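Take a look at the structure below.
Note that this is a predicted model, so its numbers are computed, not measured. Hydrogens, waters and symmetry mates are skipped; everything else that's a heavy atom, side chains included, is used.
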Amino acid sequence: MSTLHKIALTFIKFIGPVSAKSLLAYCGSAEQVFSASRKQLLQIPGIGERTVDAILNTDALKRAEKELAFVEKHGIEVLFYTDPNYPQRLKNCSDAPVLLYFKGTVNFNHPRIVSIVGTRNATEYGKMLCKQLCEVLTPYNVLIISGLAYGIDVATHKECLRNQISTVGVLGHGLDRLYPQVHRSVSQKMVLNGGLLSEFPTQTNPDRQNFPKRNRIIAGIADATIVVEASIKGGALITAEIANSYNKDVYAFPGRTNDVFSEGCNFLIKTNRAALVNHAKDLIYYLGWDDQVTEKIPCTQVSLQINLTPNEQSVISALANGQLAIDELARVLNIQQSKLAIVILTLEMQGIIISLPGKVYKLA
């Protein structure tokens, strides 16, 4: 599939991530979307006359040519939804972007990824928690995601750099600019051990509506989201809510009841939207990283005298060689997490599999 057509798909008016994936499913590739006839396009569910006119118009391809020239000039990687290097955890989310632009060095299918978010008005307490988090996570070969915003975000990125942890900033604008500008020196260092990621093309300003969109990537790309400090109306709570909707783990540090920037964290914990974290070491337990397996133990074949559905049998087969997180199971089995969760619950109730901290599962 040509990079030009992949990019052009995102410039078609009235086409969002869900309808773009529908077009790809029916047409087979981005090139075939643009080569399809009006009659063929109108047969696709959800695609009407207005959208077909936009597809047949050449404006998207012309704009894509300019974008392609920019990414090639600046060494930017284009991560397309059907590519193997596209973040697989994010791919399991129904509203995942069809295309991402990345400047950096990491593999987004890293075995351990966490997102750390919080208020733009970080207190010394919040900065101390970021420092503690990164120091504790350093030995675990983790990739840390945040948003390169003021406050907790940039404090996290700086601590990652200090501890030589790979870190990626997800942006609410194109890679031809940086907001806030004061973080440019940090971003340049991040590109050498991590990078900058955006779904937005060049000429996209850091407009307010872009940041909730950016937050779904921060939530979807990781195994878990950690909220350090947040007010009750902060963007961090939006990220946490999105992570919950994706069936991802969410953790929060509590604060004093009269602290404005702990109010959001306390609310998440109180309403069971996040698990309470007293110390960064708690995360190692929650995520199931405390057992450092150095040798794979051969697993005997499980014999079951139970009538199982094909999906249930697939889950058991996948777990035969060891424990897996729900994200990895969904990727290996190519099953949406919402459907997989029902299968897992059924197997748990039958005593066939057991749940470990961090939504990790193994055979009983």
Side-chain angles (χ1 to χ4, degrees), residues 114-134 137 144-163 165 167-175 177-191 194-200 204-222 224-244 248 250-269 271 273-274 277 280:
V114 297
S115 294
I116 299 176
V117 297
T119 178
R120 292 170 183 252
N121 301 290
T123 66
E124 289 305 313
Y125 168 70
K127 293 174 184 177
M128 179 272 292
L129 290 177
C130 291
K131 182 175 185 294
Q132 181 194 92
L133 262 174
C134 292
L137 292 174
I144 294 180
I145 311 293
S146 196
L148 199 58
Y150 290 109
I152 294 300
D153 286 17
V154 74
T156 297
H157 292 309
K158 287 179 178 177
E159 288 300 330
C160 286
L161 292 171
R162 191 173 68 83
N163 288 280
I165 298 173
T167 184
V168 170
V170 184
L171 308 179
H173 52 77
L175 293 182
R177 59 203 67 196
L178 188 75
Y179 174 82
Q181 275 284 337
V182 70
H183 296 161
R184 183 163 294 280
S185 62
V186 175
S187 71
Q188 290 170 343
K189 294 174 185 175
M190 288 167 62
V191 168
L196 303 176
L197 182 72
S198 179
E199 70 174 303
F200 300 105
T204 304
N205 291 321
D207 297 327
R208 176 172 297 189
Q209 68 269 17
N210 293 346
F211 290 94
K213 292 181 181 179
R214 176 275 303 269
N215 291 347
R216 83 187 195 285
I217 298 174
I218 294 175
I221 209 167
T225 295
I226 305 157
V227 185
V228 175
E229 279 189 311
S231 64
I232 199 69
K233 293 184 178 179
L237 260 68
I238 295 174
T239 307
E241 195 65 27
I242 294 170
N244 273 309
K248 303 273 188 176
V250 180
Y251 305 100
F253 285 93
R256 293 178 298 190
T257 56
N258 60 343
D259 285 349
V260 173
F261 297 113
S262 289
E263 192 177 1
C265 291
N266 293 343
F267 172 78
L268 289 172
I269 295 165
T271 57
R273 287 174 165 85
V277 178

Q: Quick one: list whatever passes side chain to side chain donor-acceptor pair (under 3.5 Å) with Lys158, sequence neighbours left out.
A: none
**Q.** Arg177: partners by salt bridge (charged side-chain N to carboxylate O under 4.0 Å, His left out), with sequence neighbours left out
**A.** none
Q: Enter the distance from Phe253:CZ to Ile269:CD1 here, rounded to the nearest 0.5 Å.
A: 9.5 Å
**Q.** Any Leu237 side-chain heavy atom under 4.5 Å of Phe267 side chain
**A.** yes
Q: Only counting residues at least two apart or in another chain, list the ones meeting side chain to side chain contact (heavy atoms under 4.5 Å, CB included) with Asn266.
A: Pro254, Ser262
Q: Calculate, to the nearest 0.5 Å, the distance between atoms CD1 and NE2 belonging to Ile152 and His157 respectively.
A: 11.5 Å
Q) If you round to the nearest 0.5 Å, how far is CG of Leu137 from CG of Asn163? A) 9.5 Å
Q | For Ala236 against Ala230, the heavy-atom pair lying closest together | A | CB-CB, 3.9 Å
Q.
Just to verify, what does Tyr179 make a ring pair (Phe, Tyr, Trp, His ring centres under 6.0 Å) with, not counting sequence neighbours?
A. none
Q: Please identify each residue that fulfils salt bridge (charged side-chain N to carboxylate O under 4.0 Å, His left out) with Arg216, with sequence neighbours left out.
A: Asp95, Glu199
Q: Rounded to the nearest 0.5 Å, what's the gap from OG1 on Thr156 to CD1 on Ile226? Could you check?
A: 9.0 Å
Q | Euclidean distance, Ile165 CD1 relative to Ile144 CD1, rounded to 0.5 Å | A | 4.5 Å
(Q) I'd like to check the side chain to side chain contact (heavy atoms under 4.5 Å, CB included) partners of Ala243; sequence neighbours left out, ordered by chain and number. (A) Ala219, Thr225, Lys248, Val250
**Q.** Results of side chain to side chain donor-acceptor pair (under 3.5 Å) for Thr271 - residues two or more places apart only
**A.** Arg273
**Q.** For His173, all residues meeting ring pair (Phe, Tyr, Trp, His ring centres under 6.0 Å), sequence neighbours excluded
**A.** none
Q. For atom CZ of Arg208, is the number of surrounding heavy atoms from other residues, nucleotides or ligands below 6.0 Å larger than 12?
A. no
Q: Could you tell me which residues satisfy ring pair (Phe, Tyr, Trp, His ring centres under 6.0 Å) with Phe261, sequence neighbours excluded, listed by chain and number?
A: none
Q.
Less than 4.5 Å apart, side chain to side chain, heavy atoms only: is that true for Ile238 and Phe211?
A. no
Q | Worked check of side-chain contact (heavy atoms from CB on, under 4.5 Å) between Met190 and Leu148 | A | CA-CA 10 Å; Met190 288 167 62; Leu148 199 58; 3.7 Å; yes
(Q) Show me the pairs that pass side chain to side chain donor-acceptor pair (under 3.5 Å) and involve residues 119-129, at least two apart or across chains. (A) Thr123-Glu229
Q) Which heavy-atom pair separates Cys265 from Val228 by the least distance, and what is that distance? A) SG-O, 3.5 Å
Q) Between Tyr251 and Val114, does a side-chain contact (heavy atoms from CB on, under 4.5 Å) hold up when you go through it step by step? A) CA-CA 11 Å; Tyr251 305 100; Val114 297; over 6 Å; no
Q) Which residue pairs pass the salt bridge (charged side-chain N to carboxylate O under 4.0 Å, His left out) test with at least one member in residues 255-267, sequence neighbours excluded? A) Arg256-Asp259
Q) Which heavy atom in Leu178 sits nearest to a heavy atom in Ser187, and how many Å separate them? A) CD2-OG, 3.5 Å
**Q.** Atom pair CD1 (Ile145) and OG1 (Thr167), whose distance is rounded to the nearest 0.5 Å
**A.** 6.5 Å
Q. Residues in side chain to side chain contact (heavy atoms under 4.5 Å, CB included) with Leu175, at least two apart?
A. Ile76, Tyr101, Lys103, Leu171, Leu196, Ser198
